[in-house]
Amino acid sequence: MGEYIISADSKAADFKPLAMAINAMIKMPVTARSKNRKGIRVEEGRVVDDDYSGPVLEEVIDKNEMMSVTPNEGGFKGVPVIVAPIRNEAGDAIGAFGIVDFTGVFDLATLMEHQSEIIKQVCGTDPCPLPGEAIDAKR
């Protein structure tokens with residue numbers, strides 16, 4: 001039986017079960033890392049990077065506060081994200097967990113501004129939606 005412990009020294013593998021579960025629920029990219037080690041990036045039900053860090057994850061750990069921003073650099077450049085610290089009993093940040101901020105894309109102006117980057121993050125190189133999933137195909 002596996003045991004997963006989240007600490008300031010957790011490895012990417014320690015975040016995998018939770019990151020996979022959240023990705024399965026929200027169908028959006030998920031990232032996590034500990035304070036002292038790089039972490040994980042999960043997209044489309046699979047680990048795409050197990051040596052991952054991003055500027056917002058790092059800043060959230062440093063500041064020990066949640067952030068909802070659109071990064072100017074990193075793997076999610078131009079895409080709204082929300083990242084929260086993982087805290088120990090003393091309230092110190094020992095890691096961070098992040099998701100694409102799908103609530104931020106409901107604003108029409110923001111959606112139009114970030115549409116191509118969001119589609120690239122969610123769909124990758126595959127057509128999105130697939131031809132059989134397009135609205136015209138369902139009429």
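Quick note: residue numbers are just sequence positions, from 1.
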Requested in this report: Could you grab the distance from atom CG of Leu57 to atom OH of Tyr52, nearest 0.5 Å is fine?
Outcome: 6.0 Å

Query raised in the report: Hey, what do you get for CZ (Arg33) to CD1 (Ile61), rounding to the nearest 0.5 Å?
Result: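 It is 5.0 Å, given to the nearest 0.5 Å.
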
Requested in this report: Please determine which of Val30, Ile6, Val83, Ile82 meets the side chain to side chain contact (heavy atoms under 4.5 Å, CB included) test together with Phe97.
Outcome: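 With Phe97 as partner, Val30, Ile6, Val83, Ile82 yield a single side chain to side chain contact (heavy atoms under 4.5 Å, CB included), made by Val30.
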
Polar side-chain atom of [X] near backbone of [Y] as donor-acceptor pair, under 3.5 Å:
{"X": "Asn23", "Y": "Met28", "answer": "yes"}
{"X": "Asn88", "Y": "Ile94", "answer": "no"}
{"X": "Ser10", "Y": "Ile5", "answer": "yes"}

Which pair of heavy atoms, one from [X] and one from [Y], lies closest together, and at what distance?
{"X": "Glu43", "Y": "Pro29", "value": "CG-CB, 3.6 Å"}
{"X": "Ala12", "Y": "Ile40", "value": "O-CD1, 3.9 Å"}
{"X": "Ala96", "Y": "Val60", "value": "CB-CG1, 4.0 Å"}
{"X": "Ser34", "Y": "Asp9", "value": "OG-C, 3.8 Å"}
{"X": "Glu58", "Y": "Ser53", "value": "OE2-OG, 2.5 Å"}

Requested in this report: Please test Lys16 against Val42 for side-chain contact (heavy atoms from CB on, under 4.5 Å), starting from the C-alpha separation and ending with a verdict.
Outcome: CA-CA 8 Å; Lys16 184 178 178 182; Val42 175; 5.8 Å; no

Query raised in the report: Where do Thr70 and Val81 land on the side-chain contact (heavy atoms from CB on, under 4.5 Å) test, with the steps shown first?
Result: CA-CA 6 Å; Thr70 301; Val81 298; over 6 Å; no

Requested in this report: Mark yes or no: Arg37 above the aromatic ring of Phe15, with NZ or CZ under 6.0 Å from the six-membered ring centre and no more than 45 degrees from the axis.
Outcome: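 No, Arg37 and Phe15 do not form such a contact.
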
Query raised in the report: Given Leu18 and Tyr4, is the side-chain contact (heavy atoms from CB on, under 4.5 Å) satisfied, shown in steps?
Result: CA-CA 10 Å; Leu18 188 55; Tyr4 302 92; over 6 Å; no

